[in-house]
Amino acid sequence: MIKDVMDTHTHTLASGHAYSTIRENVAAAARKGLELLAVTEHAPRMIGSSQLIYFQNLKVIDRQAYEVELMMGVELNILDEKGTVDLPEATLKQMDLAIASLHIPCITPGSREYNTQACLNAMKNPHVHILGHPDDPRYPIDMRAVVQGAKEYGAMLELNESSLRPGGSRKNARPQDEEMLKLCMEYRVPIVIGSDAHVDTDVGRHDEAHALLEELRFPEELIINRSVEALKHRIHAKPER
């Protein structure tokens, strides 16, 4: 059985299309025995999400609740092939954790080369720790190049539970996830499981991800969710560029 003590990708009402509060999400994490929860609201270019001032004021939130450690972060929108994201560097420096993702409302799917460059250049950013759901079939990418880039730039690749769940917005993502995981085993690149919860009942829900990892016999030492210390090490080890 996979050891899993955290959820690194969750949303609250502040994202505009999610339905629970921070406290409701943390309480759900506590009920499931998680040690750490990351709140990663959509950055400002996502329709209906919070504006810059929200992310600049995260210092007011206690980083411990219900005996769960809390990280206040962001899910950035990748905006172009240069890897441009939608928070300034000064604000990103204040984030406990930053995910960067391709989202339909924020970047039009391009060619395989264009999408790949967008991911690679986002991962070069020293303040981006995780590439979110790189399995979206609407954004074809050179997965080998992305895995090699994650290794070079010290980024984690996300295995996104909502991508694998029936009825999700990213249809038929499993083949891309299988390819990513096999390449991560080949290149020894760590992955992190995120629920991408938009309601408290989905916090810590990683069933589909666990089943796939067990099926592929993915090595536990490459799964960051096994240890809060492993996550913090990866965050702090991100090289400056």
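Keep in mind that the numbers below use all heavy atoms, side chains included, and drop hydrogens, waters and symmetry copies.
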Given the rule in the side chain to side chain contact (heavy atoms under 4.5 Å, CB included) test, do Gln64 and Glu69 qualify, once you have shown the distances and angles that lead to the verdict? CA-CA 5 Å; Gln64 194 81 22; Glu69 184 173 352; 4.0 Å; yes
Interatomic spacing from [atom1] in [X] to [atom2] in [Y] - rounded to 0.5 Å:
| X | Y | atom1 | atom2 | value |
| --- | --- | --- | --- | --- |
| Met95 | Met71 | CE | CE | 12.5 Å |
| Asn160 | Ile191 | CG | CD1 | 11.0 Å |
| Leu222 | Leu157 | CG | CG | 11.0 Å |
| Met123 | Asn125 | CE | CG | 11.5 Å |
| Met72 | Ile61 | CE | CD1 | 3.5 Å |
| Asp7 | Asn225 | CG | CG | 8.0 Å |

For [Y], is there any backbone N or O sitting under 3.5 Å from a side-chain donor or acceptor partner on [X]?
| X | Y | result |
| --- | --- | --- |
| Asn77 | Cys106 | no |
| Asp202 | Asp196 | no |
| Ser20 | Asn25 | no |
| Glu161 | Ala209 | yes |
| Ser15 | Ser49 | no |
| Asn115 | Pro140 | yes |
| Asn57 | Ile53 | no |

Would you indicate whether the side-chain heavy atoms of [Y] and [X] approach each other to under 4.5 Å?
| X | Y | answer |
| --- | --- | --- |
| Ile130 | His9 | no |
| Pro105 | Met46 | yes |
| Tyr19 | Asp200 | no |
| Lys59 | Gln94 | no |
| Leu181 | Leu213 | yes |
| Arg31 | Tyr66 | no |
| Leu70 | Ile22 | yes |
| Leu164 | Leu159 | yes |

Examine [X] and [Y] and state if one hydrophobic cluster contains both, with Ile, Leu, Val, Met, Phe, Trp and Tyr joined whenever side-chain heavy atoms are less than 4.5 Å apart.
| X | Y | value |
| --- | --- | --- |
| Tyr54 | Leu13 | no |
| Leu79 | Leu87 | no |
| Leu131 | Leu183 | yes |
| Phe218 | Val189 | yes |
| Ile99 | Met6 | yes |

Please step through side chain to side chain contact (heavy atoms under 4.5 Å, CB included) for the pair His129 and Arg234, ending with a clear verdict. CA-CA 8 Å; His129 307 109; Arg234 294 297 303 187; over 6 Å; no
What are the two closest non-hydrogen atoms of [X] and [Y], and how far apart are they?
| X | Y | result |
| --- | --- | --- |
| Thr91 | Leu52 | OG1-CD1, 3.5 Å |
| Gly149 | Leu120 | CA-CD2, 3.8 Å |
| Tyr114 | Ile107 | CE2-CD1, 3.9 Å |
| His206 | Ser195 | NE2-N, 3.4 Å |
| Ile104 | Pro109 | CD1-CG, 3.6 Å |
| Val203 | Ala28 | CB-CB, 4.2 Å |

Neighbour count above 12 (heavy atom, 6.0 Å) for [X] [atom1]:
| X | atom1 | result |
| --- | --- | --- |
| Arg63 | CZ | yes |
| Glu214 | CD | yes |
| His233 | NE2 | no |

Taking the inter-plane angle between the rings of His103 and His133 on a 0 to 90° scale, is it parallel (under 30°), tilted (30 to 60°) or perpendicular (over 60°)?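 Plane angle over 60°, so perpendicular.
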Evaluate the side chain to side chain contact (heavy atoms under 4.5 Å, CB included) criterion for residues Leu58 and Val74: first the C-alpha distance (whole Å), next the side-chain angles of each, then the deciding distance (0.1 Å), finally the verdict. CA-CA 11 Å; Leu58 293 178; Val74 61; over 6 Å; no
Give me the one residue out of Arg144, Lys182, Lys151, Glu152 that meets side-chain hydrogen bond (donor to acceptor under 3.5 Å, both in side chains) with Tyr187.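 Passing option: Arg144.
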N-O pairing of Asp136 and Arg138 below 4.0 Å: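 Yes.
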Using 4.0 Å as the upper bound for N to carboxylate O, is an ion pair formed by Glu221 and Arg226?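 Salt bridge absent between Arg226 and Glu221.
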Tell me whether the guanidinium CZ or amine NZ of Arg170 lies under 6.0 angstrom from the six-membered ring centre of Tyr139 and within 45° of its axis.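 Negative - Arg170 is either too far from the ring of Tyr139 or too far off its axis.
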Give the intermediate values and the outcome of side chain to side chain contact (heavy atoms under 4.5 Å, CB included) for residues Arg205 and Lys32. CA-CA 9 Å; Arg205 182 179 173 186; Lys32 294 185 178 181; 4.3 Å; yes
Quick one: do Ser227 and Glu229 satisfy side-chain hydrogen bond (donor to acceptor under 3.5 Å, both in side chains)? Show the steps, please. CA-CA 5 Å; Ser227 162; Glu229 290 71 28; 3.1 Å; yes
